[in-house]
There are 2 protein chains.
Amino acid sequence: MTTDPPGLAEETASRLRNDIIGGSLPPGQRLSETRLAADLGVSRNTLREVFRLLTREGLLRHEPNRGVFVAVPSMATIVDIYRVRRLIEVPALAHAWPRHEAVALMRVAVEKARAAREAQDWRSVGSANMEFHAAIVALTDSARLQVFFAQIIAELRLAFGLLDSPERLHEPYIDRNGQILDLLAGGDQARAAALMAGYLDESERVVLAAFARLG
Amino acid sequence: MTTDPPGLAEETASRLRNDIIGGSLPPGQRLSETRLAADLGVSRNTLREVFRLLTREGLLRHEPNRGVFVAVPSMATIVDIYRVRRLIEVPALAHAWPRHEAVALMRVAVEKARAAREAQDWRSVGSANMEFHAAIVALTDSARLQVFFAQIIAELRLAFGLLDSPERLHEPYIDRNGQILDLLAGGDQARAAALMAGYLDESERVVLAAFARLG
DNA sequence: TGATTGGTATTGTTGAACAATGGTAAAGTT
DNA sequence: AACTTTACCATTGTTCAACAATACCAATCA
């Protein structure tokens, strides 16, 4: 089962997604169909298909007859995202099988994050942290949940892009991820889940505070 | 916050979605771009945007260079869907505020289901039951979760379309929905959640058994 | 100053075109 | 007869050009 040929639309969507999450296209930015199509080297029709994709993922906002804009996360967005994360991630850990193959993915993510910390590469630390949480959702063995969660993660990273001081945002959680991993691998799912719940509460507080400081 | 003018693509997507869920387009059916575009009275380009929409929702399957087909639910699909439902609906009830406005929606859904039972209209009973579960998810106050769950529901209804004997599929749950509603409204979230968990387990068993009988 | 009007750029949608791909049936081969 | 090859044909993937409808903006007028 080799991966299908991506198709120009999907490929372009990936490219644009990275531009958005990477911050090269700031939230609120208007995306002109003709100009962006030219820049990306695709036709307007194809770009419109891409727009539908990313709009549904929550990365773009579409205003009829006015155009598409890079979504601007609000505090309501943050609150909603963390609500979803709590609802999904905590039970995922609580009911996890400690020898599930996704545990290996969690371990890889933790190690990536620690290596990136050595290099003071906070953006990569953020990526690795997100990978860790995606691995937690993989514990559920639900394809649909994993796809949904990937979207949530993309939206959250978009929000993080608005904030500065990425160190304060990511560094404190690297070792906590390690603790959660150790607890789960050791068979103590309950405590792993509890730790995650506290983790999410604190992270939400920090992010909301940073948002409030932006006005 | 009034609803945006739907746009031809969204409108067409709705129409096609109903055709799929309503069974007029059977699972596995191939959808020719040119012919369907003519039937629906839209251009091929617009129809392709619709296809992207519904593919992402899980109602269509896209095979590169071969076309799009109405998705054929498998037992794996059913298992995954019920996994998601358990993970979302049970905690939604467990943590619900008994005077949440969505409780009224739950009540409306139960009454609709009972009225449809009077009329022996089992398709409508199914719709009302799904409305009930959507209302439960609304208890979470999470916009993202509600959108996600709507997709899950659509996929499940597609699967139900494959099965006959809609009475056995829906009738037993009408009054249980009523009990869950009463428990929640009475402030006993824990027992409401427990009842829902059993409900989902049994429903999954019934659906899987019906599927197995199809081969 | 504030409202009206008109021009202009952009989106929404269509239709046509062509290359690339996949399926099919006819032709040829063993 | 059964199998492979080939040639054809319908369909998808993608682009381009066109036009109506809409929204933005600036100039005009009360």
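All figures in this text were calculated on a predicted structure; none of them were measured in a lab. Protein chains get the first letters and strands the later ones, always in sequence-line order, with residue 1 at the start of each.
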**Student:** If a pair satisfies salt bridge (charged side-chain N to carboxylate O under 4.0 Å, His left out) and one of its residues is in residues 13-29 of chain B, list it, with sequence neighbours excluded.
**Tutor:**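 Non-adjacent pairs meeting salt bridge (charged side-chain N to carboxylate O under 4.0 Å, His left out): B:R17-B:E57.
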**Student:** Tell me which of B:T46 and A:V68 sits closer to the 5' end of DNA chain C, going by the nucleotide each one is nearest to.
**Tutor:**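 In this pair, the answer is A:V68.
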**Student:** Salt bridge or not between A:E204 and A:R83? Use side-chain N to carboxylate O under 4.0 Å.
**Tutor:**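 The answer is no: the pair does not qualify as a salt bridge.
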**Student:** Run the side-chain donor-acceptor check on residues 23-31 of chain A: report pairs under 3.5 Å with partners two or more places apart or on a different chain.
**Tutor:**
| from | atom 1 | to | atom 2 | distance (Å) |
| --- | --- | --- | --- | --- |
| A:R30 | NE | A:R66 | O | 3.1 |
| A:R30 | NH2 | A:R66 | O | 3.3 |

**Student:** Using the side-chain hydrogen bond (donor to acceptor under 3.5 Å, both in side chains) criterion, which residues pair with B:E155? Sequence neighbours excluded.
**Tutor:**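 With sequence neighbours excluded, B:E155 shows a side-chain hydrogen bond (donor to acceptor under 3.5 Å, both in side chains) to A:R144, given in chain and number order.
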**Student:** Measure CG/A:L47 against P/D:dT14 and give the value in whole Å, please.
**Tutor:**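 In whole Å, D:dT14 P and A:L47 CG are 13 Å from each other.
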**Student:** For residues 125-164 of chain B, which residue pairs qualify under ring-ring contact (aromatic ring centres under 6.0 Å, His included), counting only residues two or more places apart or in two chains?
**Tutor:**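 Applying ring-ring contact (aromatic ring centres under 6.0 Å, His included) to every pair that reaches into residues 125-164 of chain B, excluding sequence neighbours, yields A:F148-B:F148, B:H133-B:Y199, B:F160-B:H170.
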**Student:** Kindly give the atom pairs (protein nitrogen or oxygen, nucleotide nitrogen or oxygen) under 3.5 Å for nucleotides 17-23 of chain D.
**Tutor:**
| from | atom 1 | to | atom 2 | distance (Å) |
| --- | --- | --- | --- | --- |
| D:dA18 | N6 | A:R44 | NH1 | 3.4 |

**Student:** Provide, to the nearest angstrom, the distance between the CD atom belonging to B:E49 and the P atom belonging to D:dT14.
**Tutor:**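 Roughly 14 Å, once rounded to whole Å.
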**Student:** Sequence neighbours excluded and cut-off under 3.5 Å, please list the side-chain donor-acceptor pairs for residues 99-108 of chain B, or say none.
**Tutor:**
| from | atom 1 | to | atom 2 | distance (Å) |
| --- | --- | --- | --- | --- |
| B:H100 | ND1 | B:A102 | N | 2.9 |
| B:H100 | NE2 | B:D141 | OD1 | 3.0 |
| B:H100 | NE2 | B:D141 | OD2 | 3.1 |

**Student:** Output every pair passing salt bridge (charged side-chain N to carboxylate O under 4.0 Å, His left out) with a member in residues 123-139 of chain A, not counting sequence neighbours, ordered by first then second residue.
**Tutor:**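 Residue pairs passing salt bridge (charged side-chain N to carboxylate O under 4.0 Å, His left out), neighbours aside: A:K112-A:E131.
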**Student:** Only counting residues at least two apart or in another chain, list the ones meeting side-chain hydrogen bond (donor to acceptor under 3.5 Å, both in side chains) with A:R205.
**Tutor:**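 If we apply the side-chain hydrogen bond (donor to acceptor under 3.5 Å, both in side chains) test to A:R205, skipping adjacent residues, there are no hits.
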**Student:** Mind running a 4.0 Å heavy-atom check of residues 27-43 of chain B against DNA chain D and sending the residues that fall below it, in number order?
**Tutor:**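 Listed by number, they are B:R30, B:L31, B:S32, B:E33.
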**Student:** Take atom CZ of A:R48 and atom P of D:dG13, then tell me their distance rounded to the nearest Å.
**Tutor:**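 Checked: the CZ to P distance equals 19 Å.
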**Student:** Taking atom P of C:dA20 as reference, at what distance in whole Å does atom CG of A:L8 sit?
**Tutor:**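 For the pair A:L8 CG and C:dA20 P, the rounded distance is 14 Å.
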**Student:** Starting at atom CG of B:L60, determine the distance to atom P of D:dT12, rounded to an integer number of angstrom.
**Tutor:**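 Interatomic distance, CG of B:L60 to P of D:dT12: 13 Å.
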